[in-house]
Structure formats: C-alpha cells, structure tokens
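Reviewing the structure listed below.
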2 protein chains.
Amino acid sequence: MTTSTEENYLKAIYHLSTGNQNSVLTSAIAGSLSTSSASVTDMIKKLSDKNMVEYERYRGVKITRKGEKVALSIIRRHRLWEVFLMDKLKFKWDEVHDLAEELEHVSSDEMTRRLDAYLGFPKFDPHGDPIPDTNGKVHTNGQVLLSDIIKKGKYILCGVNDHSPSFLQYLEKKGLVPGSVFSIVEMDEYDNSMQIIFSNKKSIFISKEISKNLLVRNHE
Amino acid sequence: MTTSTEENYLKAIYHLSTGNQNSVLTSAIAGSLSTSSASVTDMIKKLSDKNMVEYERYRGVKITRKGEKVALSIIRRHRLWEVFLMDKLKFKWDEVHDLAEELEHVSSDEMTRRLDAYLGFPKFDPHGDPIPDTNGKVHTNGQVLLSDIIKKGKYILCGVNDHSPSFLQYLEKKGLVPGSVFSIVEMDEYDNSMQIIFSNKKSIFISKEISKNLLVRNHE
DNA sequence: AAAATATTTTAGACTTGTCTAAAATTAATA
DNA sequence: TATTAATTTTAGACAAGTCTAAAATATTTT
Ligand SMILES: [Mn+2]
Ligand SMILES: [Mn+2]
Ligand SMILES: [Mn+2]
Ligand SMILES: [Mn+2]
C-alpha cells in the first residue's frame with residue numbers, strides 16, 4: 001500500500017532520475033515538491049524501508065526497480081487522465097495538469113485499463129509525453145531538443161519540457177502545439193535564436209530560452 | 001476548505017438526516033462510517049466550529065444549510081462519476097460505487113460542470129438515485145417503495161435502497177434494473193410477498209425483504 | 001590542511017484523524 | 001425512584017506528514 005504522498009515523492013524522484021545516472025539529492029526533491037529538506041529526509045527513510053529507493057545518508061537516493069514500477073504506474077494514470085480531460089472534457093492543454101495530479105491517485109488497475117481502452121490506447125499525453133504501458137514500458141520516439149538541432153529542415157513538435165500554464169499558453173498563441181509541423185529557415189550563430197515557418201507561411205522567431213523546452217522530431 | 005474526511009462525514013450525516021426530522025446520533029454516524037464514536041465526537045466538534053452542523057452534547061447533530069450544500073455537491077460528483085463509470089467505462093452497476101467514493105473528492109466545479117455536460121446532463125445515477133443540480137436541488141419523481149404499494153398494476157423500477165454489490169447482482173440476475181417495467185400479478189396478504197411479470201412474460205417472486213429496497217413509480 | 005560555507009540530518013513540536021479505556025450523562029428497568 | 005444499562009464524551013496515546021532550529025556531515029575556499 002502506497003499513500004498518495006508516497007506516490008508524489010516517488011514520481012518526483014523518478015523524474016529527477018531520468019537522463020541522469022547520479023543519485024537524487026534531498027534538496028532537489030525538496031525543491032521539486034516545494035517542501036522542506038527535513039520532510040524529504042523523513043519520507044526517504046520510509047521509502048527506503050519499503051525498498052522503493054536506495055538511500056545513503058548525506059548522499060541522496062537512487063530509485064529501485066520496485067519504486068520505478070510504482071512511479072511509472074502513477075505517471076501512466078496521470079497522462080491518461082490528462083488525455084481524458086483534454087479529449088473528452090475539452091479542457092485546454094495548459095489546464096489539465098493540476099486535475100490529473102489529483103486523479104492519478106485514484107488507484108484501480110481495472111479502471112486504468114478501461115480508461116485506456118476508452119481513450120483509444122493513446123501513446124502520448126497532451127504535452128507530447130509518452131504514456132507508459134501496462135508493464136511500465138515507456139516508448140519514446142527519438143525526439144530531441146529543438147535547441148540541439150544543428151541543421152535546417154522540416155520538423156514536427158512532439159512535446160515540451162516546461163509544463164507551466166504560462167509557457168503552454170505562450171506556445172499556443174504562437175501556433176505551436178504537439179503535432180505542429182514547421183521548417184527552420186534561419187539559425188542565428190550568435191544568440192542561438194531561430195526563425196521557423198509553418199505550412200501556412202506564418203513565420204515566427206524562437207529564442208534559445210524557448211527552443212530549450214521544445215521536443216521535436218524530423219518530419220520526412 | 002473541506003478535507004475528504006470532512007466530506008465523508010457530511011455526506012453520511014446528510015444521508016442519515018433525510019426523511020427523518022430528528023437529530024443524527026453519534027452512534028449512527030459511527031456505524032455508517034465504520035469508525036469509533038470517539039472519532040465521531042471529535043469530527044462533530046470540528047464540523048460544528050465550521051457551522052456545518054448544529055451540535056448539542058449527548059443529543060447528536062443536525063446538518064445546517066451550509067453543511068447540506070457541501071454534502072449535496074459531493075453527492076452530485078459521486079453520482080456523476082458513477083454514470084461515467086457505467087456509461088463510458090462499461091463497469092457494471094454493482095462495481096461503480098467504491099471508485100466513485102474516491103473520485104467524488106477530486107474537487108473542481110469546472111470539471112464537474114464539464115463532466116455533467118459530457119454525460120448529457122443525466123438526472124439519475126445507475127442506481128436510480130437523483131443527481132443534485134448545480135444549485136444543490138434534488139429532483140425526485142414520486143417514487144415509492146414497492147413494499148408500500150397496495151394495488152396491483154404496472155410499475156417501473158426507478159431505484160434501490162440497498163446499494164450492496166450482492167443485492168445489485170441478485171436483482172440483475174432476476175432481470176430487475178432501473179427502467180425495468182413489470183406488472184404485479186399477485187400480492188400475498190400473509191407474508192407480503194408478491195409475484196410480478198415482465199413484458200417478456202417472465203415471472204418472478206419478490207419477498208418483502210426485497211420489495212422494501214425497491215423504488216418504483218406507476219407506469220401509465 | 002584548516003576555516004568557512006553549504007547541505008543534510010536530527011530533535012522537538014504541531015495538525016489531522018484515528019484508537020482504547022475511563023468518566024460523564026442519558027435512558028431503561030425493577 | 002433507585003439501580004442498572006447504554007450511549008456519549010473526555011483523556012491519553014498513536015501514525016502520517018509537516019515545520020523550524022540546531023547539530024552533523026560534506027564541500028569549497030583560502
Ligand atoms: Mn499527485
Ligand atoms: Mn502531461
Ligand atoms: Mn468518499
Ligand atoms: Mn449510486
């Protein structure tokens with residue numbers, strides 16, 4: 001039995017772990033959950049007792065396979081609910097996160113399976129993040145940061161790294177949502193900004209600040 | 001701000017209040033929530049401080065207008081989620097209650113409104129219970145206990161009073177679900193049992209035990 | 001390598017919700 | 001009406017999760 005507090009910690013630890021081999025530091029978890037380091041230390045001990053994380057005092061934690069499985073099942077539920085809120089209840093992509101944060105803790109494997117089926121087995125959530133499958137496998141599809149792109153060409157936006165409503169609203173206003181196809185027409189060597197153009201000929205500037213948070217894939 | 005524990009207490013008190021003018025006793029609440037009387041007394045004080053109930057020591061509580069409004073909004077969410085689980089996720093009517101018990105605490109007026117619209121503004125839940133509207137108004141429609149019926153005739157099942165999965169499964173096996181139309185063909189004066197017949201000519205016996213838990217309405 | 005700084009952990013306290021056992025009050029019975 | 005019985009409340013304790021302030025440890029600087 002995991003409480004929703006434990007689930008939130010595991011999710012945070014999982015997210016802080018991905019793409020980085022090192023231990024996750026107490027302060028990082030505290031920052032991510034807006035809580036005190038003292039509280040984090042307490043919870044870490046509890047999760048360590050349950051073999052959800054490996055804990056070394058003063059050195060941080062590493063999530064275990066067991067902890068990771070729990071985290072992935074929460075993330076799966078979170079993202080499925082986000083799809084539901086957007087596709088069925090017509091919320092906008094910048095509005096779904098907070099509600100999903102609550103819904104993800106309603107735990108029933110059977111309900112999750114049925115929700116998945118009802119939504120048509122979606123593979124990505126409204127922000128372009130992959131939805132882990134029943135076994136906790138995450139299917140990513142070679143997406144890369146727009147800021148890492150070095151050659152001009154046609155790309156498709158598949159996701160974002162900054163999930164804040166303000167950023168999402170900004171993108172939407174610019175016409176950038178998951179699935180948007182555009183071509184890079186100009187890349188500035190000096191400030192790493194770029195100019196892109198949509199199929200409808202509308203063209204916009206993208207600063208490094210922005211492109212660092214955009215996940216794209218080559219589009220044929 | 002109400003916690004989900006407070007919400008569960010208010011809901012229990014509301015349900016124990018309806019159809020009975022008297023105060024709700026501590027022991028009744030304890031029984032309904034499977035908790036100790038000591039815990040109930042503690043929570044009652046808290047709810048009383050928040051003006052959700054009027055409390056008289058040793059005499060029980062009466063729910064206030066304010067408490068009732070909260071209770072009704074939880075009941076509204078509960079029943080809407082039950083409709084969702086049944087209509088959209090294809091759960092059976094005896095499976096939806098426990099999940100709704102959790103989902104009802106995810107509180108967003110906006111989400112509730114959209115869920116309502118998405119479900120087509122249903123007026124009743126899968127058990128035939130009326131769904132309170134946005135203002136907390138409950139529209140009942142002259143339904144009466146089958147056990148109180150004194151004259152033969154054609155009736156429609158609109159709801160049940162016993163929501164236990166075993167009872168619901170029993171009814172379903174007999175072919176009795178909300179909306180079922182049947183005629184009373186025989187009423188036993190002695191044990192108050194009755195024989196009913198469906199439009200498909202199938203006929204079954206209904207004991208007093210059962211009819212006490214069935215809500216029906218005259219069918220033309 | 002010692003001193004200064006930053007991070008992490010412990011200590012102690014608080015809140016919410018729960019429990020059992022004892023005390024207080026109300027209701028029933030003889 | 002005086003006991004007895006049942007119900008309700010209080011007292012005291014506990015678990016989960018949180019906090020601040022102080023102590024312990026690690027890291028950086030001089
Ligand atoms: Mn959450
Ligand atoms: Mn998302
Ligand atoms: Mn509930
Ligand atoms: Mn119901």
Side-chain angles (χ1 to χ4, degrees), chain A residues 1-14 16-17 20-63 67 70-71 74 101-102 104-107, chain B residues 1-14 16-17 20-63 67 70-71 74 101-102 104-107:
Chain A
M1 267 307 331
T2 56
T3 66
S4 37
T5 311
E6 287 171 346
E7 290 179 349
N8 285 335
Y9 271 91
L10 282 172
K11 206 161 53 111
I13 294 167
Y14 173 84
L16 292 166
S17 298
N20 139 328
Q21 206 56 261
N22 313 320
S23 291
V24 178
L25 299 177
T26 302
S27 50
I29 301 168
S32 154
L33 291 174
S34 303
T35 187
S36 74
S37 291
S39 302
V40 173
T41 301
D42 285 346
M43 180 54 83
I44 275 174
K45 284 179 189 160
K46 201 174 152 197
L47 291 174
S48 178
D49 289 345
K50 293 190 173 188
N51 297 310
M52 298 290 192
V53 298
E54 269 176 50
Y55 173 43
E56 215 176 327
R57 284 170 76 235
Y58 290 99
R59 285 279 131 83
V61 294
K62 273 194 165 64
I63 198 162
V70 174
I74 313 302
E101 203 60 43
E102 291 192 60
E104 70 188 1
H105 302 291
V106 177
S107 63
Chain B
M1 268 305 331
T2 56
T3 66
S4 37
T5 311
E6 288 171 346
E7 291 180 348
N8 284 336
Y9 271 90
L10 282 172
K11 205 162 52 112
I13 294 168
Y14 173 83
L16 292 166
S17 299
N20 138 328
Q21 206 58 261
N22 313 318
S23 291
V24 178
L25 298 177
T26 302
S27 50
I29 302 168
S32 154
L33 290 173
S34 304
T35 186
S36 74
S37 291
S39 303
V40 173
T41 301
D42 285 345
M43 180 54 83
I44 276 175
K45 285 179 188 159
K46 202 173 152 198
L47 292 175
S48 178
D49 289 345
K50 293 191 173 188
N51 296 311
M52 298 290 191
V53 297
E54 272 175 48
Y55 174 42
E56 215 176 325
R57 285 171 74 234
Y58 290 99
R59 284 280 129 82
V61 293
K62 274 191 166 62
I63 197 162
V70 175
I74 312 303
E101 202 61 43
E102 290 191 60
E104 69 187 2
H105 302 292
V106 177
S107 62

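In what follows, chains are A, B, ... by sequence order, proteins preceding strands, each numbered from 1.
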ask   = Under the side chain to side chain contact (heavy atoms under 4.5 Å, CB included) criterion, do M52(A) and I63(A) qualify, and how do the steps go?
value = CA-CA 6 Å; M52(A) 298 290 192; I63(A) 198 162; over 6 Å; no

Side-chain N or O of [X] less than 4.0 angstrom from OP1 or OP2 on [N]?
{"X": "T26(B)", "N": "dT9(D)", "result": "yes"}
{"X": "S27(A)", "N": "dT8(C)", "result": "yes"}
{"X": "S39(B)", "N": "dT18(C)", "result": "no"}
{"X": "K45(B)", "N": "dT9(D)", "result": "no"}
{"X": "T3(B)", "N": "dT16(C)", "result": "no"}
{"X": "Y55(B)", "N": "dT9(D)", "result": "yes"}
{"X": "S36(A)", "N": "dC19(D)", "result": "yes"}

Which atom pairs, one a donor and one an acceptor, fall under 3.5 Å between side chains of residues 20-34 of chain B and the rest of the protein, sequence neighbours left out?
residue, atom, partner, partner atom, Å
N20(B), OD1, N22(B), N, 3.2

Could you state the atom-to-atom distance from [atom1] of [X] to [atom2] of [N] in whole Å?
{"X": "L25(B)", "N": "dT26(C)", "atom1": "CG", "atom2": "P", "result": "14 Å"}
{"X": "L33(B)", "N": "dC19(C)", "atom1": "CG", "atom2": "P", "result": "10 Å"}
{"X": "M43(A)", "N": "dT18(D)", "atom1": "CE", "atom2": "C1'", "result": "10 Å"}
{"X": "M1(A)", "N": "dA15(D)", "atom1": "CE", "atom2": "C1'", "result": "15 Å"}

Every protein N/O lying under 3.5 Å from an N/O of nucleotides 26-29 of chain D:
residue, atom, partner, partner atom, Å
dA26(D), O3', R59(A), NH2, 3.0
dT27(D), OP1, R59(A), NH2, 3.2
dT27(D), OP2, R59(A), NH2, 3.1

Atom pairs, protein N/O to nucleotides 2-5 of chain C N/O, distance under 3.5 Å:
none

inquiry  = Within the 4.0 Å heavy-atom criterion, would you say T5(B) contacts the bases, only the backbone, or no part of the nucleic acid?
reply    =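 Counting heavy atoms under 4.0 Å across all strands, the contact made by T5(B) is with sugar-phosphate only.
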
ask   = If you draw a 6.0 Å radius around CD in E54(B), do more than 12 non-hydrogen atoms from other residues or ligands fall strictly inside?
value =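 No.
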
Contacts of T5(B) that satisfy side chain to side chain contact (heavy atoms under 4.5 Å, CB included) - sequence neighbours left out =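 T3(B), Y9(B), M43(B).
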
inquiry  = Regarding E101(B) and K11(B), does a basic nitrogen lie under 4.0 Å from an acidic carboxylate oxygen?
reply    = yes

ask   = Under 3.5 Å, is there a donor-acceptor pair between the side chain of S17(B) and the main chain of I13(B)?
value = yes

Protein-nucleotides 1-4 of chain D N/O pairs closer than 3.5 Å?
none

key: With K50(A) via side-chain hydrogen bond (donor to acceptor under 3.5 Å, both in side chains) - residues at least two apart   = E6(A)

